[in-house]
Amino acid sequence: MTTTIRRLHAIADAEIAALAEVLVDCVEGGASVGFMPPLTRERATTFWRRVASDVAAGARALFVAEDQRGVCGTVHLVLDLPENQPHRADLTKMLVHRRVRRQGVGALLLGAAEAAARAAGRTLLVLDAVTGGDGARLYQRSGWIRVGDIPNYALMPRGEPCSTTVYYRVLERVG
């Protein structure tokens with residue numbers, strides 16, 4: 001399987017539909033990513049249209065993973081942070097479709113996001129992930145530093161509370 005990673009500077013309707021499909025799949029698959037089921041395509045599309053506005057304004061950097069079947073993953077960097085934090089970005093919404101999980105797609109997306117952060121002069125990245133989940137394992141394997149856990153931070157799609165773990169990564173300056 002060949003997976004390519006691409007940064008989107010604008011998001012077309014077809015890409016919004018594909019991203020909505022990935023988001024719905026993740027929620028249906030049990031991921032705690034800010035939405036509760038049933039997540040309709042309409043709600044997912046509305047979310048991605050808001051993200052598209054931020055991407056167009058330069059407030060977010062959005063990456064997609066694509067394979068022969070289309071968009072299969074995504075992640076974004078929130079770049080629009082308070083003026084006293086110009087050196088950092090938040091990594092959010094790491095989403096990988098169930099059909100390609102455990103095939104390195106998350107690692108490819110993470111690498112692309114980190115490279116873009118470096119290129120943008122960001123030297124500190126921050127994120128949170130469900131404690132003990134697939135994302136947490138990816139970040140630990142990739143050298144992110146675990147800060148700690150926050151109990152009962154959010155709900156899993158079936159309604160049970162889950163903890164979140166906060167991570168950070170210091171990036172070397174480019175050039």
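None of the values given here were measured: they were computed from a predicted structure.
Separation of atoms OG1 (Thr2) and CG (Asp67) is listed at 9.0 Å; rounding is to 0.5 Å. Rounding to the nearest 0.5 Å gives a distance of 7.0 Å between CZ of Arg146 and OG1 of Thr131. Summarising the geometry, atom CG belonging to Leu124 is positioned 8.5 Å from atom OH belonging to Tyr168; distances are rounded to the nearest 0.5 Å. Interatomic distance, OG of Ser163 versus CG of Asn152, reported as 6.0 Å (0.5 Å rounding).
For the pair Thr92 and Arg60, the minimum side-chain heavy-atom distance is below 4.5 Å. Counting only heavy atoms from C-beta outward, the side chains of Leu127 and Tyr139 approach each other to under 4.5 Å. With contacts defined as side-chain heavy-atom distances shorter than 4.5 Å, the pair Asp54/Asp80 does not qualify. The closest side-chain heavy-atom distance from Arg98 to Cys72 is not below 4.5 Å. Arg102 is listed as a side-chain neighbour of Asp134, based on a closest heavy-atom distance under 4.5 Å. The closest side-chain heavy-atom distance from Phe47 to Glu42 is not below 4.5 Å. Using a 4.5 Å heavy-atom cutoff, the side chains of Leu110 and Leu138 are in contact. Residues His9 and Leu62 fail the side-chain proximity criterion, which asks for heavy atoms closer than 4.5 Å.
Checking side-chain atoms of Arg122 against main-chain N and O of Leu79 turns up a donor-acceptor pair under 3.5 Å. Within the 3.5 Å criterion, the main-chain N or O of Val33 finds a donor-acceptor partner in the side chain of Lys93. Using a distance-only test at 3.5 Å, with no hydrogens or angles considered, a donor-acceptor pair links the side chain of Arg101 to the main chain of Val96. Trp48 places a side-chain N or O within 3.5 Å of a backbone atom of Leu19 that can act as its donor or acceptor partner.
In this structure, Leu91 is not a member of the same hydrophobic cluster as Leu23, with clusters built from ILVMFWY side-chain heavy atoms closer than 4.5 Å. Taking hydrophobic clusters as Ile, Leu, Val, Met, Phe, Trp and Tyr residues chained together by side-chain heavy-atom distances below 4.5 Å, Val51 shares a cluster with Val27. In the hydrophobic clustering of ILVMFWY residues, with side-chain heavy atoms under 4.5 Å counting as a link, Tyr167 and Val126 come out apart. Linking ILVMFWY side-chain heavy atoms closer than 4.5 Å, directly or via other members, places Leu125 and Leu108 in a single hydrophobic cluster. Hydrophobic clustering (ILVMFWY, side-chain heavy atoms < 4.5 Å, transitive): Val130 and Val166 are in distinct clusters.
Arg137 CZ: more than 12 foreign heavy atoms inside a 6.0 Å radius. Summarising the local packing, OH of Tyr153 is surrounded by 12 or fewer heavy atoms from other residues, nucleotides or ligands at distances under 6.0 Å.
Taking a cutoff of 4.0 Å between a charged side-chain nitrogen and a carboxylate oxygen, Arg6 and Glu66 qualify as a salt bridge. The existence of a salt bridge linking Asp25 and Arg99 is excluded, since no basic side-chain nitrogen approaches an acidic carboxylate oxygen closer than 4.0 Å.
For the 3.5 Å distance criterion, the side chains of His87 and Thr123 fail to qualify, holding no donor opposite an acceptor. Between the side chains of Thr165 and Asp149, a donor-acceptor pair is found at a separation under 3.5 Å.
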Can Asp90 and Leu77 be said to form a side-chain contact (heavy atoms from CB on, under 4.5 Å), step by step?
-> CA-CA 5 Å; Asp90 291 339; Leu77 289 171; over 6 Å; no
Derivation of the side-chain contact (heavy atoms from CB on, under 4.5 Å) call for His76 and Phe63 = CA-CA 6 Å; His76 43 109; Phe63 301 87; 5.7 Å; no
Where do Arg49 and Asp13 land on the side-chain contact (heavy atoms from CB on, under 4.5 Å) test, with the steps shown first?
-> CA-CA 9 Å; Arg49 288 199 188 289; Asp13 287 343; 3.1 Å; yes
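Ala154 and Ser32 get closest at one heavy-atom pair: CB-OG, 4.1 Å. Closest non-hydrogen pair, Ala10 versus Val55, comes out as N-CG1, 4.2 Å. The two residues Ala20 and Arg41 come nearest to each other via the heavy atoms CB-O, 4.5 Å. Closest approach of Pro157 to Met36, counting heavy atoms only: O-CE, 3.6 Å. Considering all non-hydrogen atoms of both residues, Val64 and Leu109 come closest at C-CD2, 3.9 Å. In this structure, Ala52 and Ile11 approach most closely via the heavy-atom pair CA-CD1, 3.6 Å.
A side chain to side chain contact (heavy atoms under 4.5 Å, CB included) with Val71 holds for exactly one of Val22, Leu8, Leu95; it is Val22.
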